[in-house]
Amino acid sequence: MSKYLKIWMKSGAFFGIGMGLFYTFQQNNYISGAIGGVIAGFLFGAAMAGFSFASDRKMKEKGMVTESTSVHQTKSLRISLPIETVEPIILKAILSIPKTKLKNTSGNQFEAKTGMTWKSFGEEILVTLDEDGSSVIARMSSKPSLKTTIVDYGKNIENVHAISSYVEKAFEGEVSDCT
């Protein structure tokens, strides 16, 4: 099933049910509530799929692949340097994302939160560094702060891409993908 059809169905169904209940109680008529809910769900789902399609086209122009419908995005990089060298660059990479604030750093784990934008209610970013011999495995993750988010317009993949691109530029030739 197409990514955009899934987005249309999921977002349209949830919105349509909510609006159907609203119309039912507002007009005190379950038939008009059901009809209003179906129409609202159909139109809302189509709009969400359309916005997602437009967002994906923009991201493809930037070189980011957006095949997944998941709003939780991850990526892992192998960096052939000691962890002491990698940690400060990872911190700078996280903070290079607009509206990002560091929540917690414990050991080799960095937790951050982004502010609300028109695309989302904010995201939770987690980067974990694991030593693997003479190299470091950096595991990056970005997911919506609001757990019920169905569509993020590629915001989480942008976050992961921003961090990985920053690290790849900083350690040119020392980084390989291990996702």
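Being a predicted model, the structure only gives us computed values, none of them experimental.
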### Query
Less than 4.5 Å apart, any side-chain heavy atom of Ser120 and any of Pro144?
no
### Query
Is Ile163 close to Val127 at the side-chain level, that is, under 4.5 Å between some pair of heavy atoms?
yes
### Query
Is any side-chain heavy atom of Phe15 closer than 4.5 Å to a side-chain heavy atom of Met48?
no
### Task
Check step by step if side-chain contact (heavy atoms from CB on, under 4.5 Å) holds for Ile90 and Leu129.
CA-CA 9 Å; Ile90 292 291; Leu129 303 177; 3.9 Å; yes
### Summary
Minimal heavy-atom distance between Asp132 and Arg78, with the atoms involved, is OD2-NH1, 2.6 Å
### Task
Supply the atom-to-atom distance Ile79 CD1 to Ile89 CD1, rounded to the nearest 0.5 angstrom.
9.5 Å
### Message
Are Val86 and Ile137 connected into the same hydrophobic cluster when the rule is that any two of I, L, V, M, F, W, Y join if their side-chain heavy atoms are below 4.5 Å apart?
### Response
no
### Message
Is it the case that the side chain of Ser55 and the backbone of Tyr153 share a donor-acceptor pair, with hydrogens and angles ignored and the cut-off at 3.5 Å?
### Response
yes
### Task
Could you check if a side-chain atom of Asn108 sits within less than 4.5 angstrom of a side-chain atom of Asp130, using non-hydrogen atoms only?
no
### Query
Of all heavy-atom pairs between Val175 and Val167, which one has the smallest distance, and what is that distance?
CG2-O, 4.0 Å
### Task
Decide whether Glu123 and Thr114 meet the rule of one side-chain donor and one side-chain acceptor closer than 3.5 Å.
yes
### Query
If you look at every heavy atom in Thr74 and Val160, which pair is closest and at what distance?
C-CG1, 4.3 Å
### Query
Within a strict 4.5 Å, meaning less than it, do heavy atoms of the Leu102 and Glu111 side chains meet?
no
### Query
To the nearest 0.5 Å, how far apart are OG in Ser76 and CG in Asp177?
8.0 Å
### Message
Strictly below 4.0 Å, N to O, side chains only: are Lys147 and Glu124 in salt-bridge contact?
### Response
yes
### Side chains of Thr128 and Arg139, donor plus acceptor under 3.5 Å
no
### Query
To the nearest 0.5 Å, what is the distance between OG (Ser141) and CG (Asn156)?
8.0 Å
## Note on the structure
So NE2 of His161 and OH of Tyr166: to nearest 0.5 Å the spacing works out to 14.5 Å
### Distance-only side-chain donor-acceptor flag, Thr117 / Lys99, under 3.5 Å
no
### Message
Is there a path of hydrophobic side-chain contacts, each under 4.5 Å between heavy atoms of I/L/V/M/F/W/Y residues, joining Phe110 to Leu95?
### Response
yes
### Message
Test side-chain contact (heavy atoms from CB on, under 4.5 Å) on Ile7 and Phe53; report intermediate values, then the result.
### Response
CA-CA 10 Å; Ile7 290 170; Phe53 178 76; over 6 Å; no
Would you tabulate the side-chain donor-acceptor contacts of residues 22-45 under 3.5 Å, counting partners in other chains and residues two or more places apart, or write 'none'?
residue	atom	partner	partner atom	Å
Thr24	OG1	Gly20	O	2.7
Gln27	OE1	Ser32	OG	2.7
Asn29	OD1	Ile31	N	3.0
Ser32	OG	Asn29	O	3.2

### Task
I would like to know whether Thr100 and Lys113 meet side chain to side chain donor-acceptor pair (under 3.5 Å); could you show each step before the answer?
CA-CA 6 Å; Thr100 301; Lys113 183 169 174 53; over 6 Å; no
### Query
Hey, quick one: are Ile94 and Met116 part of the same hydrophobic cluster, counting side-chain heavy atoms closer than 4.5 Å, chains of contacts allowed?
no
### Summary
Between Val71 and Asp152, the two heavy atoms sitting closest are O-OD2, 3.7 Å
### Message
Using every non-hydrogen atom in the two residues, find where Ala93 and Ser96 come nearest and quote the distance to one decimal.
### Response
O-OG, 2.6 Å
### Task
Apply the test side-chain contact (heavy atoms from CB on, under 4.5 Å) to residues Met9 and Tyr4: give CA-CA distance (whole Å), side-chain angles for both, the deciding distance (0.1 Å), then the verdict.
CA-CA 9 Å; Met9 288 175 25; Tyr4 306 108; over 6 Å; no
### Query
Hey, are the side chains of Lys155 and Asn159 touching, using non-hydrogen atoms and a 4.5 Å cut-off?
yes
### Over all atoms of both residues, closest heavy-atom pair of Phe171 and Thr85
CZ-O, 3.6 Å
### Query
Can you tell me how far OG of Ser165 sits from NZ of Lys75, rounded to the nearest 0.5 angstrom?
6.5 Å
### Task
Starting at CG of Asn104, measure out to CG of Leu126 and round the result to the nearest 0.5 Å.
10.0 Å
